[in-house]
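So you know, we letter chains A, B, ... as the sequences are listed, proteins then strands, and number each from 1. What you see is a predicted model; the values in this text were computed from it and never measured.
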2 protein chains.
Amino acid sequence: MIATPMRFTRNSEIYGEDEAAEYLYQVVSGAVRTYKILEDGRRQIGAFYLPGDIFGFEAEESHISSAEAICETHLLMVKRTAVIFRASHERELARQLWDAMALELRRFQAHSMLLISSAEDRVIAFLLDISRRTTKSAAIDLPMSRQDVADYLGLTIETVSRTFTQLEQNGAIALPTTRRVELRKDTLSNRFAQNFG
Amino acid sequence: MIATPMRFTRNSEIYGEDEAAEYLYQVVSGAVRTYKILEDGRRQIGAFYLPGDIFGFEAEESHISSAEAICETHLLMVKRTAVIFRASHERELARQLWDAMALELRRFQAHSMLLISSAEDRVIAFLLDISRRTTKSAAIDLPMSRQDVADYLGLTIETVSRTFTQLEQNGAIALPTTRRVELRKDTLSNRFAQNFG
DNA sequence: CGTCCAGTTGACCATGTTCAATACTGGTGG
DNA sequence: CCACCAGTATTGAACATGGTCAACTGGACG
C-alpha cells in the first residue's frame, strides 16, 4: 500500500473540520491534536496522537474535527478508500482496522470518564496516559502547552497550572521545566481514585 | 445472516463489562444504556440506544462497558465474528460497518463536547438529541429516569431536576408528566449556545 | 537589557454538589 | 375505591470546586 510521507510545522493544519476525509494518517514523529471550536469560542481537544498512533478515521465522508501538528511532525498518509478496499479482500487487514477503530472508541470513552472527574484526577489521568503511551521511564516531555492540556481536559489553563503546582508540592510529580514531568507513580496512584481502563 | 430475537426486562443485564464481545445488537423496541461503574461508586452512562440503533461494537475482544435494558426491550443479536467475516467478502457490508462505527465515534465525540458545557446546555442538547433520534413531533417520552439522565450528562440528579424545572419556567419545555417532555424548539435553540453536530 | 509569550499566583465569584426534607406516582392489598 | 408504600422526583440551604479577571514571574531571543 502506498504511504506518502509528509512533514508539518508547529501549529500547521493537517485537515480541517468538514473537509473530505481522504486519508488515514500515522504519526512517525512529533504530536498531533484534533479539536473542534465551539460557537462560544472555546476549543475542545478530542485527542492527542503520538508516534505510532493512527488517526483520521473519525469520519464517514468528512472529518468531524480539525487536526493540527503540535510541533514539527512527520506523518505517513494513505488513501482511506484504498485501505477500505483492500480490507474488503484481506481478513487480517479488516481485523486490524476494526481493532484500530475500537481503540479509538475506547479512547473517547475513557475521555468521557475523565471529563466527569475532579481537576486533579483529570490531570493525573492525563499524565499517566501520556506516560504509558510514550515511555516506560518515569519522566515525560509534554509536546503540548498548558492551554492544550486545559482544552483537552475541559479545564482552564489556570486550573491546570494550579493542579500541576499542587501535585509537585505533594511530591506526586517533579517539574524540572514546565514541559518536563517526572512521575512518582506510587504517589500518583494513591491520589487517584478513578477507574480508568 | 442469522439474527436471533431476544427479550430483556427492565434493568436486566444484556452484557457485562469485560465479558467476551460475542454479538452485535440492534434495538427493535425499548431502550438500552451502556455504562461503567467508577471506583468511587459513581456510574457513567456512555450512551443510550433506541429503536433502530446498533450497539456492541465498542469492543476488540471484550466489552468495555456493561449494557442494560432500561425498560422492556426487544433486540436482535448477530454473531460479531460472522459479521466481520462476511464483511471481508462484501464491500457494501464492510462500508456499512465502517459507517456504523464512525457514527458511534461521532456520538462519543459529541458526548465529550457536552460534558464541558453548562448544566443547562447539557440538558438541552440531551433533549434535542433524543428528540431527533425518536420522533419528528415536538413531544418525547423519556424511557430513562432522572438518575440515568444525570449519569449520562455527568451531573447530579438534583441539578438535572432543577434544570428541567427551570426550562419549564422559561417556557422552553412543558412537562405534562416527569417522563414526557414537550419541546418548544425555537425557545430551546435560543437558549442553546453550543455547536453540537 | 528589554520585549514577548507562556506559565503561575491571588482574590473573588458562579455554578453545581451535598445533605436533608418534602412531594409526587404507580402499584398493591384491604 | 381508597389507603398505604416504595421508588422516583423536586426543592431548599450551606458548601466546595473550579472559573474569571488581573497582576506578576521567568525564560528565550533579539
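Note: CZ (F164(B)) to P (dT10(D)) measures 8 Å, nearest angstrom. Nucleotide dA6(C) holds its C1' atom 16 Å from the CE atom of M144(A), rounded to whole Å. In this structure, L142(B) atom CG and dT8(D) atom C1' are separated by 14 Å, rounded to whole Å. Separating the CD1 atom of I157(A) from the P atom of dA6(C) is a distance of 8 Å, rounded to the nearest angstrom. Taking atom CG of L175(B) as the reference point, atom C1' of dT10(D) lies 11 Å away to the nearest angstrom. Rounded to whole Å, the distance from CZ on R146(B) to P on dC24(C) is 15 Å. Nucleotide dT8(C) holds its P atom 12 Å from the CD atom of Q169(A), rounded to whole Å. Rounded to whole Å, atom P of dA6(D) lies 16 Å from atom CZ of R10(B).
Aromatic ring centres of Y23(A) and Y15(A): separated by at least 6.0 Å.
In terms of phosphate contacts, T165(B) brings a side-chain nitrogen or oxygen within less than 4.0 Å of OP1 or OP2 of dT11(D).
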Item to check | K136(B) and S131(B): CA distance, side-chain angles, deciding distance, side-chain hydrogen bond (donor to acceptor under 3.5 Å, both in side chains) verdict | outcome: CA-CA 7 Å; K136(B) 288 286 172 254; S131(B) 165; over 6 Å; no

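A salt bridge is absent between R179(B) and D141(B); no separation between the charged side-chain nitrogens and carboxylate oxygens falls under 4.0 Å. Checked for salt-bridge contact, D148(A) and R43(A) meet the test: a charged N lies under 4.0 Å from a carboxylate O. At a threshold of 4.0 Å, the pair E72(A)-R10(A) does not count as salt-bridged, since none of the basic side-chain nitrogens sits closer than that to a carboxylate oxygen.
Scanning for ring pair (Phe, Tyr, Trp, His ring centres under 6.0 Å) contacts around F108(A) gives an empty result, with sequence neighbours left out. Residues passing the side-chain hydrogen bond (donor to acceptor under 3.5 Å, both in side chains) test with E13(B): none are found, sequence neighbours excluded.
Residue S161(B) is classed as a base contact, given a heavy-atom separation below 4.0 Å to a base. Using a 4.0 Å heavy-atom distance criterion, R180(B) is classed as making no nucleic acid contact.
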Checklist outcome for this item: Counting primed atoms, P, OP1 and OP2 as sugar-phosphate and everything else as base, the B/S/- map of nucleotides 14-30 of chain D against protein heavy atoms under 4.0 Å is ----SSBB---------

